[in-house]
Amino acid sequence: GLFFLWPCIDEMQKVDLRVLSYDVPPQEILTRDSVTVAVDAVVYYRIFDPIMSVCNVNDAFRSTQLLASTTLRNVLGTKAMSEVLSERESISQEMQHILDVSTDPWGMKVERVEIKDVRLPIQLQRAMAAEAEAAREARAKVVAAEGEQKASRALKEAADVIAESPAALQLRYLQTLNSISAEKNSTIIFPLPINMLSSIMKK
């Protein structure tokens with residue numbers, strides 16, 4: 001509609017009621033476990049009461065932006081590095097609630113807060129990569145040891161079965177010779193009778 005202003009007495013100020021976004025610049029934050037990380041976020045907000053946004057605060061948009069940067073520092077300062085990396089959604093919801101409650105007297109509604117990126121120092125990235133590689137190697141050694149243990153048990157059971165029948169050892173020996181000859185190598189093998197070896201061992 002039409003608005004009538006008294007010259008030199010009234011003042012008109014336009015207020016944008018659309019949803020706006022603010023890209024929070026990267027903040028150097030010291031986490032609870034004394035790790036320095038750089039975190040940036042984005043905040044979506046809008047004015048739901050133009051009168052409150054003009055009368056209760058000097059600059060509602062600027063005040064909300066400054067409060068978003070401060071809240072990002074305060075919230076992440078109480079979290080450990082692992083929580084910052086794995087619980088982004090819960091941290092974003094906590095920040096959104098804090099900002100919404102704080103900006104409500106200004107006629108401002110914080111719609112959403114999203115953490116965009118968490119950057120770790122290069123030395124810490126290398127240390128984490130080395131730790132992960134060491135953990136993988138440790139798991140590989142454990143798996144290899146378990147395989148050796150199972151193989152030794154299987155060999156023991158096979159030896160017990162062969163010990164019950166002397167002819168089984170001779171058949172196994174011939175089977176080994178057959179598999180070696182199939183490889184077409186130049187190795188010469190002189191087989192000895194098993195009975196002869198057993199008699200020598202008894203003596």
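Reckoned from all heavy atoms, side chains included, excluding hydrogens, waters and symmetry mates. What you are looking at is a predicted structure, and each value in this text was computed from that prediction instead of being measured.
No more than 12 heavy atoms of other residues, nucleotides or ligands lie within 6.0 Å of CZ in Arg112, so this atom counts as exposed by the packing criterion. The environment of Asp117 atom CG is dense: over 12 non-hydrogen atoms of other residues, nucleotides or ligands sit within 6.0 angstrom. Heavy-atom contacts from other residues, nucleotides or ligands closer than 6.0 Å to CZ of Arg126 number 12 or fewer. Within a 6.0 Å sphere centred on OH of Tyr44, heavy atoms belonging to other residues, nucleotides or ligands number 12 at most.
Note on Glu94 versus Lys79: salt bridge recorded, some NZ/NE/NH1/NH2 to OD/OE distance being below 4.0 Å.
The distance from atom CD of Glu87 to atom OG of Ser92, rounded to the nearest 0.5 Å, is 11.5 Å. Rounded to the nearest 0.5 angstrom, Ile47 CD1 and Ser53 OG are separated by 4.0 Å. The structure places CG of Asp40 at 5.0 Å from NZ of Lys116, a figure rounded to the nearest 0.5 Å. Separation of atoms CD1 (Ile51) and CG (Asn56) is listed at 10.0 Å; rounding is to 0.5 Å.
With respect to Leu76, the side chain to side chain contact (heavy atoms under 4.5 Å, CB included) criterion is satisfied by exactly one of Leu30, Ile91, Val37: Ile91.
Here the side chain of Glu157 pairs no donor or acceptor atom with the backbone of Ala154 at under 3.5 angstrom. Panel note: side chain Asp100, backbone Lys109; no donor-acceptor pair is recorded below 3.5 Å.
For the side-chain contact (heavy atoms from CB on, under 4.5 Å) test, residues two or more places apart in sequence or in another chain that qualify with Arg153 are Gln149.
A side chain to side chain donor-acceptor pair (under 3.5 Å) check over residues 60-72, counting only residues at least two apart or in different chains, returns the pairs Tyr45-Gln65.
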